[in-house]
Amino acid sequence: MLKAAPFRSFDDLPIPFRAVATDLETGDKVVLDHGDLPQAVMASMAVPGAFAPVEREGRLLVDGGLVDNLPVDVAKAMGADIIIAVDIGTTLSTREDLGSPIDISRQVITILTIKNENKQAAAADILVRPDLSRFHSTQYNLAPQLMELGAKAIESARAKLLPLAVSDQEYAAYKEARRDRLSPPKPVDVVRFQGSRRVDERIIEAQMKTKAGRVPDAALLQRDIERIYSLGDFENVEARLEDAAGERELVVQARDKPWGPNFVRFGMEMEDDFSGGSRFTLKGNVTMTRLNALGAEWRNDVQFGRVQSLVSEFYQPLDFEGHWFVAPGFEYNYSLHDLYVGHQDLAEYRSRTILAGGDIGYQIGSWGELRLGPRWGHSRANPKIGDPSLATFDVRLAGISGQMVFDRADQVGFPRKGSRSGLFAFLARTGMGSQARYDKVWGYWGQWFSRGRNTFFVKAEAGSSWGTVLPIWDKYALGGFSSFSGYHPEQLIGDYYAVLRAGYYARIGSLPPGLGKGVYFGGWLEAGNIWDTRAQVSSGDLKHALTLMFGADTRLGPLYFAYGRAGGGNSLFYLYLGRTF
């Protein structure tokens, strides 16, 4: 695209080009034959409801497929002698497949396009039409299968295409002539930003590695755009080269999201073990963004259920690059904890903890974060159900909190590739005013690998109290869905733990568009244990568990129906639906 930037007329490109769009106001077909090439391509593919319309020369443009999805007439008008048309328009759905408003909307768009497709297809000299009757236009994950169908369709047209072939020497000369028409890109004189009213220009500029005075590199510019987009404030980001007043300008246009800058989100978690234990949690988040030039945010999370909490934090970047930050805040947590002896639920503790403090941290792109800071507060725990003579705790807390978190997984619910890891610590110190002294250090790591529809993963996690004794409200716990699923939640508690998991899931289908993404089947094996003291930690008494699951990546979050079985005959069924922020 950068090499094509000097060509303002698409007739002057090495291969003459046209893009077809639809005027959203008038419904007219718009043939784009000049101007900014990337913008023209974006306008021609701006499917309503999926991509934002493109404003160009006073018109609001969307996908040209609405009026001319197979523009054979446009190619004829350009002077083409022979037209090879490839029709990848989707077919009409049957009544059985029209079960949702989204299905019906997609059918209406198909009806609008199919008539103009058939008329144009009849005017082509050679028509290639892959069999896409089993697919619809949003199944991007099936690209390898679609490519195979395209190759088969081309092969079936071999007899018609072979007479048009040229020798290897002629084709090499043709490619060389095309290459000669492309002049090398020139250095950029000015980098200019436009389009955003919320984000300070200096924040956008800090994400750019492409600078004035340098020859723009396509790969580097693409990474610049990705960094700007990952700020989370923009609906789309695009860059174009312009010649203005004798200067070569790189214009970066970032369009603000039509919603925000303040956001309210809701979520939920539901867990039922079909054995008398169920948990339902409602979650809410209110975030106020771009509160000052450096991009400060005020983040508030609230949760209701067996665990009730309020976490409020003021996140203040210290530079325009957004790397260093400070984050003062406080949190309130009310929790119910079951106390088991073997299989018997002996008591239920309730704990209340209030902490205030702040962190200084470093942000690593959009995938990593380091934090360290002090905490002061108060914690109280007492038995709610069970023997009233059980210990009661009422202590001041003070200490140092730290964490390192890295997330390179490609998606939240059912990752296909990438990794996640984290290391956390809370060190309660009497020298800071704490009545309890203990160390809690824990971490996790996970890696995902995929081949086709199949995904394999391995995870490890561990925690230690470093020779101290953790209070009842802050002990490690195993049990419940995805954590030795054969046991009840918090059935196993202690001051040290280690778990290794290995698993697999396969994508076996897709949810209707609008309801979610993939449907999966799989499971995992676990080996590990939890111990009260360091001396007890041993690989000789590991517990084992197996979980089988059927899941779906829904718009409400990951949905699982699972069966977990652990040693000693512990087994439970689970229904879990969760969405986190």
Side-chain angles (χ1 to χ4, degrees), residues 264-273 276-287 298-314 327-340 345-359 373-399 401 403 424-426 428 433-436 438 440 442 463 465 469-483 488-495 557 576-581:
V264 179
R265 292 180 290 178
F266 297 96
M268 60 180 288
E269 287 185 5
M270 181 177 67
E271 180 177 341
D272 196 318
D273 61 16
S278 61
R279 303 183 179 204
F280 183 79
T281 303
L282 290 175
K283 296 185 174 186
N285 169 271
V286 179
T287 300
W298 185 19
R299 307 169 177 175
N300 299 274
D301 293 305
V302 63
Q303 178 172 307
F304 299 98
R306 188 175 175 86
V307 176
Q308 302 175 24
S309 65
L310 172 63
V311 180
S312 183
E313 177 184 85
F314 191 83
F330 76 91
E331 60 181 283
Y332 167 81
N333 185 289
Y334 172 88
S335 302
L336 297 176
H337 307 270
D338 290 317
L339 181 62
Y340 283 85
D345 189 353
L346 182 64
E348 184 179 68
Y349 264 85
R350 57 185 169 191
S351 65
R352 298 180 180 86
T353 301
I354 299 176
L355 289 174
D359 293 323
R375 298 289 188 275
W376 291 275
H378 184 271
S379 190
R380 176 183 301 169
N382 61 282
K384 180 182 179 183
I385 300 174
D387 189 344
S389 66
L390 291 171
T392 296
F393 302 89
D394 191 351
V395 299
R396 294 191 308 273
L397 286 177
S401 174
Q403 70 176 49
F424 308 85
F426 180 70
S434 179
Q435 291 179 287
Y438 64 93
K440 186 177 182 180
W442 70 104
S465 65
V469 177
L470 300 181
I472 185 69
W473 67 86
D474 214 6
K475 288 185 179 293
Y476 300 114
L478 295 177
F481 177 70
S482 80
S483 176
H488 291 280
E490 300 179 316
Q491 188 170 340
L492 307 175
I493 63 171
D495 289 1
Y576 179 86
L577 173 65
R579 180 171 184 173
T580 57
F581 302 126

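Cation-pi geometry between Lys440 and Tyr476 is met: under 6.0 angstrom from the ring centre, within 45 degrees of the axis.
Closest heavy-atom contact between Gln491 and His488: OE1-N, 2.9 Å. Nearest approach of Ser483 to Ala477, heavy atoms of both residues: OG-O, 4.5 Å. Scanning all heavy atoms of the two residues, the minimum distance from Phe426 to Ser401 falls at CD1-CB, 4.2 Å. Ala428 approaches Ser434 most closely through the heavy-atom pair CB-OG, 4.1 Å. Pairing each heavy atom of Trp442 with each of Gly463, the nearest pair is CB-CA, 3.8 Å.
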Worked verdict on Phe330 versus Leu310 for side chain to side chain contact (heavy atoms under 4.5 Å, CB included) | CA-CA 8 Å; Phe330 76 91; Leu310 172 63; 4.1 Å; yes
Could you walk me through whether Tyr332 and Val302 pass the side chain to side chain contact (heavy atoms under 4.5 Å, CB included) test, one step at a time?
-> CA-CA 9 Å; Tyr332 167 81; Val302 63; over 6 Å; no
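Distance check, rounded to the nearest 0.5 Å: CG of Leu492 to NZ of Lys475 gives 13.5 Å. Within the model, atoms CG of Asn285 and CZ of Phe266 stand 9.5 Å from one another, a figure rounded to the nearest 0.5 Å. For the atom pair OH of Tyr334 and CD of Gln303, the computed distance is 13.5 Å after rounding to the nearest 0.5 Å. Taking OG from Ser335 and CG from Asp474, the interatomic distance works out to 10.0 Å, rounded to the nearest 0.5 Å. One finds the CD atom of Gln308 at 11.0 Å from the CG atom of Leu282 (value rounded to the nearest 0.5 Å). Rounded to the nearest 0.5 Å, atoms CZ (Arg396) and CD (Gln435) are 4.0 Å apart.
A 4.5 Å side-chain heavy-atom check between Tyr438 and Pro471 finds at least one atom pair inside the cut-off.
Other residues, nucleotides and ligands contribute more than 12 heavy atoms inside 6.0 Å of the CZ atom of Arg352.
Between the side chain of Glu331 and the main chain of Leu355, no donor-acceptor pair closer than 3.5 Å is present. A donor-acceptor pair is defined here as one N or O able to donate and one able to accept, closer than 3.5 Å; such a pair exists between the side chain of Asp495 and the backbone of Leu470.
Between Trp298 and Phe314, the gap from one ring centroid to the other reaches at least 6.0 Å.
Using a 3.5 Å distance cut-off with no hydrogens or angles, the side chains of Ser309 and Asn333 do not pair a donor with an acceptor.
Contact check on Asp359 versus Arg375 returns a salt bridge, with a Lys/Arg side-chain nitrogen under 4.0 Å from an Asp/Glu carboxylate oxygen.
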